[in-house]
Amino acid sequence: MSIENGDAVSAQTETQPVEAKRTDEALLSVEGLTKHFPIRKGLLQRQVGAVQAVDGLTFDVKKGETLSLVGESGCGKTTTGRLLTRLLEPTAGKVIFDGKDISHLSVGKMRPLRRDIQMIFQDPYSSLNPRHTVGTIVGAPFKLQKVKTEHGVKRAVQDLLALVGLSPEHYNRYPHEFSGGQRQRIGIARTLALRPKLIVADEPVSALDVSIQAQVVNLLEDLQTEFDLTYVMIAHDLSVVRHVSDRVAVMYLGKIMEIADRTALYERPMHPYTVALLSAVPIPDTSRRGNRERIRLQGDVPSPVNPPSGCRFRTRCWKAQEICKVEEPPLAELAPGHRAACHFPENTDKLTIDPTGASHS
Amino acid sequence: MPATVITYIFRRLFAAVVLLFIVSAVTFSIFFVMPKLVGGTPETLATRYVGRAATAETVKITAEKLGFYDPVVVQYGNWVKGVVAGADFDYGAGVERCPAPCLGYSFRTKQPVWPELLDRAPVTMSLAAGAATLWLIGGVAVGTLSALRRGTFFDRTAMGIALAGVSLPIFFTGLISLSFFSYSLGWAAPGGAYTPFLENPGEWAYNLLLPWITLAFLFSAQYARQTRAGMLDTMNEDFIRTARAKGLPERTVVVKHGLRGALTPILTIFGLDVGLLLGGAVLTESAFSLQGLGKYAIEGITNYDLPKVMGVTMLAAFFVVVASLIVDLLYAVVDPRVRTK
Amino acid sequence: MTPPLEVTESTAAAPPEVTLAGMSKKAIQGRSLSQIAWLRLKRDKVAIAGAFVIIALILAAIAALVLDRVFNVIGPNDFHQDLIDTEGGTLAPKGTFGGMSLEHPLGIEPVNGRDLLARIFAGSWISLLIAFLATVLSVLIGTVMGVMAGFFGGWIDTIISRSMDVFLAFPLLVFAMALVGVMPDTVFGLGSETVRIGMLTFIIGFFNWPYIGRIVRGQTLSLREREFVDAARSLGARGPYILFRELLPNLVAPILVYATLLIPTNILFESALSFLGVGINAPTATWGGMLSEASRFYTMPHFMLWPGLAIFVTVLAFNLFGDGLRDALDPRAR
Amino acid sequence: GGNGTDGKNGGGGTKTPAFNAALTETFNPSEKKGGIVKIANAGTWDSLDPGETYYGYSWNFLRLYGRSLLMFKPAPGGASNELVPDLAESLGTPSEGGKTWTYKLREGIKYEDGTTVTSKDVKHAVLRSTDKETFPNGPAYFEGYLNLPEGYKGPYKSKGVDTNSAIETPDDRTIVFHLKQAFGGFDYFAHLPQTVPVPEAKDTGAKYREHVISTGPYKFDKNEIDKQFNLVRNPEWKPETDPNRKALPDGYEVTMNVNADDIDNRLISGDIHIDITGTGVQPASLSRVLSDPAIKANADNPTIARLWYTSINPTVAPLDNKECRKAVLYAVDRTGYQTAYGGTFSGGEIATTLMPSQIPGAEKFDLYPAGPDNKGDVAKAKEALTACGQPNGFETNIAYRSERPKEKAAAESMQQALARVGIKLTLRPFPQGDYFSQFAGNPPYVVANKLGMALNGWGADWNDGFGFLSQIVDSRVIRETGGSSNTSVRIPEVDKMLDEAIGETDTAKREKMWGAIDKRVMEEAVILPGVHSKSLILRGKGLTNVFVSDAYGMYDYLAMGLE
Amino acid sequence: MTEFSEDSLDGGAATRPEPSTKPDAFLEVRGLRVHFPTDDGVVKSVDDLSFSVARGKTLGIVGESGSGKSVTSLSVMGLHKAGTAKITGEILLDGQNLVGMGAEKVRALRGKRMAMIFQDPLSAMHPFYTVGHQIIEAYRVHNKVTKAVARKHAIDMLEKVGIPNPKGRVDDYPHQFSGGMRQRAMIAMALSCDPELLIADEPTTALDVTVQAQILDLIRDLQQEFNSAVIIITHDLGVVAELADDIMVMYAGRAVEYSTAEDIFNSPQHPYTWGLLGSMPRLDRDRTERLLPIPGTPPSLINVPDGCPFNPRCAYANLNGDLSMTERPEFRDIGGDHHIACHLSAENRVRIWDTEIRPKL
Ligand SMILES: Nc1ncnc2c1ncn2[C@@H]1O[C@H](COP(=O)(O)OP(=O)(O)OP(=O)(O)O)[C@@H](O)[C@H]1O
Ligand SMILES: Nc1ncnc2c1ncn2[C@@H]1O[C@H](COP(=O)(O)OP(=O)(O)OP(=O)(O)O)[C@@H](O)[C@H]1O
Ligand SMILES: [Mg+2]
Ligand SMILES: [Mg+2]
Ligand code: NI
């Protein structure tokens, strides 16, 4: 089924050196990606500070794989997604797509590339224009990119609708006549219209009920196989992330704390933050109640306007020491394909610890 | 904190000054540029300010004296200079200093505008203050009750009347009520009656009662509608549910939690309305022949007494600006989210 | 490959989230929001009554024009001084209730004895025309400015917002009066009435735009943040496409509502200007002008009653309809 | 009411209220002193400064606080048209065939501050009034006729300039006026408030209006310009120096900017005594006054020396053709016109001539009879139109002052009446402030905008042919830049006739010549006379010695007292 | 401060009696129906619902969005606006029936004997009053104490819910608190009068996992301290697994399954529960190839399908002929205090669970 392909890619990951892949296989490659939103004040709109929403991200996304970005609210996931699709222009750093630096392309130059990079939005309600019919919405890509379709736009749209599991009769309906899950499918159909190579999905299932969420997750997986898609999946639900991704990047306050292969990350998390995140996930199993080893983070995420010095996580980290305050840990490759930015990483002895705190079943 | 408040006020005041500049420039050009476009000359302009027996010579010297031969920019500059630094007024037998803010001298009566404005302002202020009190209390009370009894007979009637109130022109209600309550029944003071508050508060109120009520009727209608809408929204808020969940008595929930939230947007409208009204309730004042700023403005316009019009426009704009500043400051008092941002 | 369809037919026929009583859910294909609003509006008796009054008014206004021109009924400007008490010198209409009679159902004016009913009818089209045109103007300017401010933001927003402040700070009526006073009476060889209507339209319309501008700006600001705008941009849409195809359709409803509610305001504004003596030239009847004249004869209240009522009914009808429309388009708003 | 059984008393008159009781006789005569007279003004004074004021009611009222050389006699009816000496001992003595006029001041007249009035003060007063930069609104007779030095700009600007060529004051009580040309009616100039003495030391120019130094029986107490002021007794005024003033009340309280309808109501209720403008009740009160006999009995209906008329501009085609103008005159509905101005009582009498009957020399004639019912002679009008070559009528515009409802009503009436003969009038209101300067009185504008007709009105500064006619029929007052009251009369012959009349020293002959001018202008059909104004005025409750002064066309404010 | 009732600690799963006749139940709901007459028809938000909670016990209510969870909790609190909702059935709070009780009486119970915390703590707190003020207010309605005493109590409560520096923070406004702190403050407010029943309606849905874990811990700890009966409403099975003793699964306004937490997770008997479990990717199991979603979307509560409301989405509805389509399944005890509303026969249920569902999870 669909997942073999992904597994193959991740298998590759573990065997090949990182540098090599970056040059030949990466569909998308990001270097030092930074976005600071200026905070302006006063009559003259002087800049008095900046929200350091994303600060120096570096990662690659290989063709056909799914890379997930996880992290707490406000850590810069959406901003990253919007930078990748060039809805935002980076303050610094590079976004290289298919070998082409798109970081500062003009709107006009970017337009042809938009066929290849598409985005799925989080909110199925606000991502569809309530005044447009489904036909108009899903047909918009053809219109905007002036793509000729073999049997006309209507036919193409109806095919797309069928593809995402909607009835082609829905062509003339309006978004408000659909449920959240169906709307998300409409959004996905629109994304697929131009047969993109890369899809950035910003929390595509967060707004949906569990039962619907599963439908959409399955749909996304199926589409990936069928069209050989590459996904950058943004999510905060670690269980979903584990289910859909090949590789996972954990973000905290605009920085990547840890990036690794799915299995590696879930089974041998190295960054304390990742460990804490995993241990906070509630497990639907009553038998584990009480006998699960928990790490409870204290306090809240600091403000991205003036993030902590050194390691950004140090204010909530139980392992933090003086050095964490002074020196920012580099995102170092501590194991093949497994990078973490921590002075005192966990699981470096390659001891397998079940992150859920229970014995492996 | 106070420091930021002060800088905030200063910033706002600076913006206000800029705004007043623009307002004055526009008003000025209406009176000088527009007539020129229609073919007016300095002499035709000056003819407005001379008697019926004036000779061409008289017209010329008047035009000269009023500076109509200067380019408009220079004239405007002089006006601004007067406001900022004061001006000298040549009254023939000598020169008098008109200290800043010198809004000039009436072209017609040769009286300085500023003291006249100060003289007229109390009438308008009395009118505005009384009416505003009435409509705020009336409108908010009716609106709140309507919201709480949504869909009942009371709600329908009140909102029906309110809609009617919004739909009635003030000059109509004013005239009708004047003709009925004052001239036919003799219950209320006739139009034009005004006694300063300090002279006789009772008479002051009696004289203004009819204009107050008429004006308040119009406004309270609007406020009742606004309050009702606001209350309905607020009473659907989560925090109202919380207040109820705490077991608070319904009255506390409505007044302390509901009204408090619903009234904040009303504050904005209230500020703007009062600000505009203070600048001259043109229609009310002319319907009731009250010698307030609105009437003053009309006099100024009908007599082409530019300094008067400028003065009253400035004052009106000033009131609006100040009112909106006060509203914004009040917002900070009322809404901690604004204060502690 | 597994078909991506895990959806059964029942999903396809999922009930719309907005359901209406008595409507078969599958019967209508693609019921747009406006259709739904229309269905809601149809159920609002009061609003429909308002709409009927408005339609009746418009028809009456047209009829007044046609009757005046084509048929030879009592003209709004015909004198009936024989019905005026000139001998006694009071110049009041002879008879009771302002000279009401079968021929002059609403009575006649003092001094010249013009028929009030005819004048009310004749006044309707001026009032409505000016109010409509002025509304169109305000809506045009307001929408363009509001959308620009909201969509582009930055200094464009600053400039437009500040200029709205300036407008709001003006004592409008005073200003309008001043303007009317200095505006030329004939332009481009047009007759004075046309020019006058144009001028009043301009003044009323021009001064009202900031109100709608603010609303549109606010709406645009919030719409701009909606993800469908990003979606369009991520498909490579240009500014104009986003503006006209994505944002504007969503602005239609609030604009429409505001426009309906602006018309009555403009009717009042026009009558206020006429009342203050800067409206349409005599002898053309306008409601405000009639009121203004009537105010000189306050001892004959019937004379101000009719134009006052006419204004009231019209404004009320528009307000009722506007309220209903707002409720229909945004049921949450109340 | 009042039961007024005392009947006649002292100076003749009645105590019984009756309509027009104060028209030719003194109503409620009394010598009782005391009381405060309450006065209301719907508008405001143009100026309280005697050097600048130009309102009739103001001249009437000003006599309470200022004494000019001569004055109109405070007497009922036509007797008031007589000039009597006030500050001067006698009427002026002409010499050099009317080029020089000499007056001698009474002895012992003092200002409110106790200083004695001298002829120099009168000279200063007259000279300052010629400073039109400071006093642009006042009458301009003196600067027009006095032999002032070239370029003289008044005593403020032209300080120290020798003005003896115009006015000489050989001693403190003598004042001699030197004119540029002979002027038979100079005594009328001498009655102008501009001859009320102003002490140079106390002269504050444009600000003098705020405190005029009184020479009359009353002086200013509190004065809030455009709002209200009080007059109180002036202790320095001596009745023995003044045969004309009774000074009965203790003072006056004047309020301005009072709602006009309110004034009527308050007059009827007795809250106030005088509506000072004397223009009559508002339309709203008309029915109340006329249909309530009790109120009507306290009203008078004087005729005022004012003509409401329509200028017919011969510069605008087809009105350049006399026949077309005649057609207008024939076609107009005169009753309608009269009604528009307020009907027989508050409007006036239908006029067929320029000069009202009060003006000496006025003759009654009607060159364009308007049919038996005065509603216009349609047949004659059509005839005239045919003669003019416009048998189906024509289109033209009529201008009026937008602020004046009566003019609007008259224009509407004309529009209706002229439509009967196919003349289509378009109404063109203009703001009154610019009416003469930019629009109806601006010849190029009139031509360019085809203002065939313009509503107009004229009241004489004083009841005399010169005062009435010179500003409205002399073509030489028309300025191409606009601003004159005469907009349509351009008859060279009339100009000549005017010059002759002015030079004529024989009063009787002169008066006849005014009548001839009136006729000549009417023949030309450039003026459509509307009404000779009348007003319906109310006597305030409790006033004594009330009578209408023909000179002012309203109650005389000097003689009144309180019960 | 804390009231202990004698039955607080016993009552294990084994000896659980009928839900409607449980003797030690503090809250007992019987045959609750909440219907909203609207323009479009009657919304049957809750239809014939029965459950109970004892002191010291936690009931979890799970179900998809719109299944009537909140409506149920609001009915218990008596918070439905008079006139809008038609409530029938019995809500027995410590033996007193709240349905039909005078509004004033219910008000006196609210906040004192039963309290509630809401999903979105920001909008649930009045933005214009300080956090302290709102707690003091809650305390003083039910306790005649001076302001100073109440304030002291508020500070104590804030301390108890783990707000650092409560003395300083008591005068802060809600917007000055972070999301987690706000929810803590809400809890402090709810617990200020030691209520015997606490209803938490999705208390953690708006929060990040790390914060969610903190809050869940807090609720658990506080329940132990106060020994109150707790109802926790959520659509996350993980959350109930952490806290609940009993779990009720709701679908379309009805309970479809109701049992102890262990039973629900270990041997669920209703296809809908299976669907929920199958839809969830789980961290504690090996990653599955594919999620097993429930097809379709929840029904409209105006037109609830005939028969079993779940039948249009149920893969096994046809196993009973057309029974599922025509007859509403009874909510019955299938032994061991396990209640379900399903037509499937016992062996079918066991077979399907053991052979079809469990292996795929
Ligand atoms: N346009 C903007 N201007 C200023 N700040 C912004 C802007 N967009 C995002 N931010 C800030 O940048 C930070 C990162 O935001 P972002 O939306 O990327 O977070 P996120 O990880 O997607 O969070 P969530 O899970 O809540 O969606 C936040 O602090 C946010 O407030
Ligand atoms: N006041 C009301 N009037 C009409 N229908 C209502 C009302 N309140 C709730 N409903 C309807 O009742 C149904 C149940 O709503 P409820 O809020 O209980 O769902 P929920 O299970 O809490 O869902 P969620 O997980 O989204 O909070 C919904 O279909 C809702 O539309
Ligand atoms: Mg996000
Ligand atoms: Mg809920
Ligand atoms: Ni597959």
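Chain A is the first sequence line, chain B the second, and so forth, proteins listed ahead of strands; every chain is numbered from 1.
Taking CD1 of I225(D) as the start and CD of E116(B) as the end, the distance is 8.5 Å to the nearest 0.5 Å. Residue D131(D) holds its CG atom at 9.5 Å from OG1 of T58(B), rounded to the nearest 0.5 Å.
For the pair E299(B) and T44(D), the minimum side-chain heavy-atom distance is 4.5 Å or more. The side-chain heavy atoms of D90(B) and K157(D), taken from C-beta on, include a pair separated by under 4.5 Å. Taking 4.5 Å as the limit, every side-chain heavy atom of Q291(B) sits out of range of all side-chain heavy atoms of K227(D). The side-chain heavy atoms of E133(D) and K60(B), taken from C-beta on, include no pair separated by under 4.5 Å.
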- Task: Determine, step by step, whether K132(D) and V59(B) satisfy the side chain to side chain contact (heavy atoms under 4.5 Å, CB included) criterion, reporting the C-alpha distance in whole Å, the side-chain angles of both residues, the deciding distance to 0.1 Å, and the verdict.
- Result: CA-CA 9 Å; K132(D) 282 293 176 280; V59(B) 172; over 6 Å; no
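Counted within 6.0 Å of CD on E200(D), heavy atoms from surrounding residues, nucleotides or ligands total 12 or fewer; the atom is thus considered open. Under a cut-off of 6.0 angstrom, the local environment of CZ in F89(B) is crowded, with over 12 non-hydrogen atoms contributed by other residues, nucleotides or ligands.
Contact of S47(D) with chain B is not made at all, since no heavy-atom distance falls under 4.5 Å. Neither the backbone nor the side chain of E43(B) comes within less than 4.5 Å of any heavy atom in chain D. Only the side chain of E96(B) comes within contact range of chain D, with at least one heavy atom under 4.5 Å from a heavy atom of that chain. With a 4.5 angstrom heavy-atom cutoff, R209(D) touches chain B only via side-chain atoms.
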